[in-house]
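None of the values given here were measured: they were computed from a predicted structure. Naming: A, B, ... by sequence-line order, numbering from 1 per chain.
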2 protein chains.
Amino acid sequence: MHYLKFERIPRATISRLAVYVQELEVMEQQGLKVISSEKLAHLCGVNPSQIRKDLAYFGEFGVRGVGYYVHELRGAIRQSLGLDRNWNVVLVGVGNLGRALLRHNMLRKRGFVIVAAFDCDPFKIGEEIAGLEVNCSSKLPESTQEMNVEIGVITTPPERAQRAANYLIEGGIKGIVNFAPARITAPDYVSVEYVDFIHHMFSVAFNITQKQIKGLF
Amino acid sequence: MHYLKFERIPRATISRLAVYVQELEVMEQQGLKVISSEKLAHLCGVNPSQIRKDLAYFGEFGVRGVGYYVHELRGAIRQSLGLDRNWNVVLVGVGNLGRALLRHNMLRKRGFVIVAAFDCDPFKIGEEIAGLEVNCSSKLPESTQEMNVEIGVITTPPERAQRAANYLIEGGIKGIVNFAPARITAPDYVSVEYVDFIHHMFSVAFNITQKQIKGLF
DNA sequence: AGTGCATAGTGAAATTTTTAACAATCACCG
DNA sequence: CGGTGATTGTTAAAAATTTCACTATGCACT
């Protein structure tokens with residue numbers, strides 16, 4: 001019998017659930033109706049038990065002897081993660097990366113709607129990108145409160161990341177996704193995630209070096 | 001006494017080392033010469049023992065009673081990670097994100113030199129971005145072999161990620177950093193890393209939802 | 001030179017996460 | 001309507017990771 005659990009959910013579980021959703025969406029497009037934990041695990045590069053355990057944190061979504069109904073499972077995970085609604089997002093820092101995110105439709109497709117963009121460069125203020133006018137960063141706090149924004153994305157240079165964060169916090173934001181290669185400090189009630197692609201470059205470089213040392217090439 | 005260790009190094013250690021380097025670089029710019037594990041830990045948001053343990057995988061870099069010499073430690077970590085040299089990189093998929101990476105100077109500054117860019121869209125082939133001409137993806141395998149490229153970056157749409165990966169593998173690449181939101185399969189001798197910013201958006205959304213459920217807002 | 005103080009390095013304990021094993025249960029079939 | 005095969009949900013064991021506690025050591029000051 002599965003009653004509501006109040007266990008702490010590992011962060012790793014969350015990022016795996018995101019992968020499961022990704023693969024389930026591909027399957028759904030392919031018209032596949034049912035999938036077993038074993039097959040899904042193979043596709044996602046994890047252990048089947050892991051999948052069953054990850055899902056068990058949130059409920060019972062499968063049918064024993066059968067597997068998981070793809071569409072149903074996708075919905076259940078999305079609901080568990082809080083993705084069954086739209087989130088208003090603001091972006092700070094309209095550089096190369098910021099522009100790319102503004103023009104990307106992937107965020108919107110996943111329910112993250114960028115409702116405003118900010119920069120402190122006077123040359124960029126007023127510019128229109130993807131239907132959004134770039135505003136002055138100092139206006140950020142009042143705008144976010146007006147617009148009911150919950151998430152802020154930082155795409156400034158590293159040295160300006162903390163200032164951007166401060167504006168966001170002042171504006172009452174609840175979560176920050178920081179693309180700038182710099183740690184930022186924020187109060188406990190604000191969730192901070194770091195997207196550091198450089199770190200992934202480092203990882204690959206390290207893995208290659210290691211394999212070379214071990215003589216695998 | 002610290003002899004060469006052949007322990008497996010946790011992946012989490014590697015990504016923390018990258019964070020340490022980041023913070024050490026900031027300190028160096030600020031002219032700070034020495035740092036203790038405790039202060040560095042606080043800046044990076046980790047436990048001091050963790051830092052000491054992470055570093056112990058690679059050697060003894062500190063001075064007891066004093067701390068770590070910032071410049072020296074940065075160098076030691078960079079060397080340990082295999083970052084004390086340049087890496088040739090190719091990029092596949094010249095969309096919004098691909099362009100942003102090509103124009104970004106951060107990669108080059110960290111020793112990752114993009115030496116070629118590829119796309120399968122005839123309208124993009126021949127275009128010049130950041131001093132690099134976009135080539136046809138089908139030419140990728142022979143180019144990478146000629147140019148001694150070791151790392152490939154995938155910034156295609158998800159449905160074309162696997163094909164891009166196949167070209168890279170055929171070209172003898174040793175590591176792949178995949179920005180496309182899709183899992184890819186590659187032989188064991190190729191290291192694959194995923195950069196999924198959508199997952200981080202998911203994490204933040206989830207954390208906010210959780211806090212709301214627990215009544216923290 | 002000796003003493004005290006600060007802090008790195010390290011082995012062991014605690015915690016967390018992953019994997020394995022198995023009992024429960026559902027669909028299907030005769 | 002019970003038996004059979006498959007696959008989940010769950011408990012227990014194993015493995016990995018993090019944290020703690022302590023030892024060793026270098027520096028500064030007397």
Over all atoms of both residues, closest heavy-atom pair of A:Val89 and B:Met201: CG2-CE, 4.2 Å
Options C:dA21, C:dA8, D:dG9, nucleotide nearest the side-chain atoms of B:Ser37: C:dA8
DNA chain C: 5'-proximal contact among B:Lys39 and B:Ser49 (nearest heavy atom): B:Lys39
Are [X] and [Y] close enough that some pair of their side-chain heavy atoms sits under 4.5 Å apart?
X: B:Val94; Y: B:Arg99; answer: yes
X: B:Lys211; Y: A:Lys174; answer: no
X: A:Val90; Y: A:Val115; answer: yes
X: A:Asp54; Y: A:Val46; answer: no

Atom-pair distance ([atom1] on [X]; [atom2] on [N]), nearest Å:
X: B:Tyr68; N: D:dC27; atom1: OH; atom2: P; answer: 15 Å
X: B:Glu38; N: D:dC20; atom1: CD; atom2: P; answer: 12 Å
X: B:Arg64; N: D:dG26; atom1: CZ; atom2: P; answer: 7 Å
X: B:Ile35; N: C:dA6; atom1: CD1; atom2: P; answer: 17 Å
X: A:Phe61; N: D:dT10; atom1: CZ; atom2: P; answer: 11 Å
X: A:Leu73; N: D:dG9; atom1: CG; atom2: P; answer: 9 Å
X: B:Leu55; N: C:dT7; atom1: CG; atom2: C1'; answer: 13 Å

Whether A:Asn178 side chain and A:Ala161 backbone form a donor-acceptor pair below 3.5 Å: no
Under 4.0 Å protein heavy-atom contact, by nucleotide of nucleotides 13-18 of chain D - B base, S sugar-phosphate only: ----SS
C:dG9 base / B:Arg52 side chain donor-acceptor hit below 3.5 Å: yes
Sugar-phosphate, base or nothing in reach of A:Gly65, heavy atoms under 4.0 Å: base
Sugar-phosphate only, base, or nothing, as touched by A:Ser36 at under 4.0 Å among non-hydrogen atoms: sugar-phosphate
Distance test, side-chain N/O of A:Tyr69 to OP1/OP2 of D:dT7, below 4.0 Å: no
Flag for B:Glu170-B:Asn166: side-chain donor and acceptor within less than 3.5 Å: no
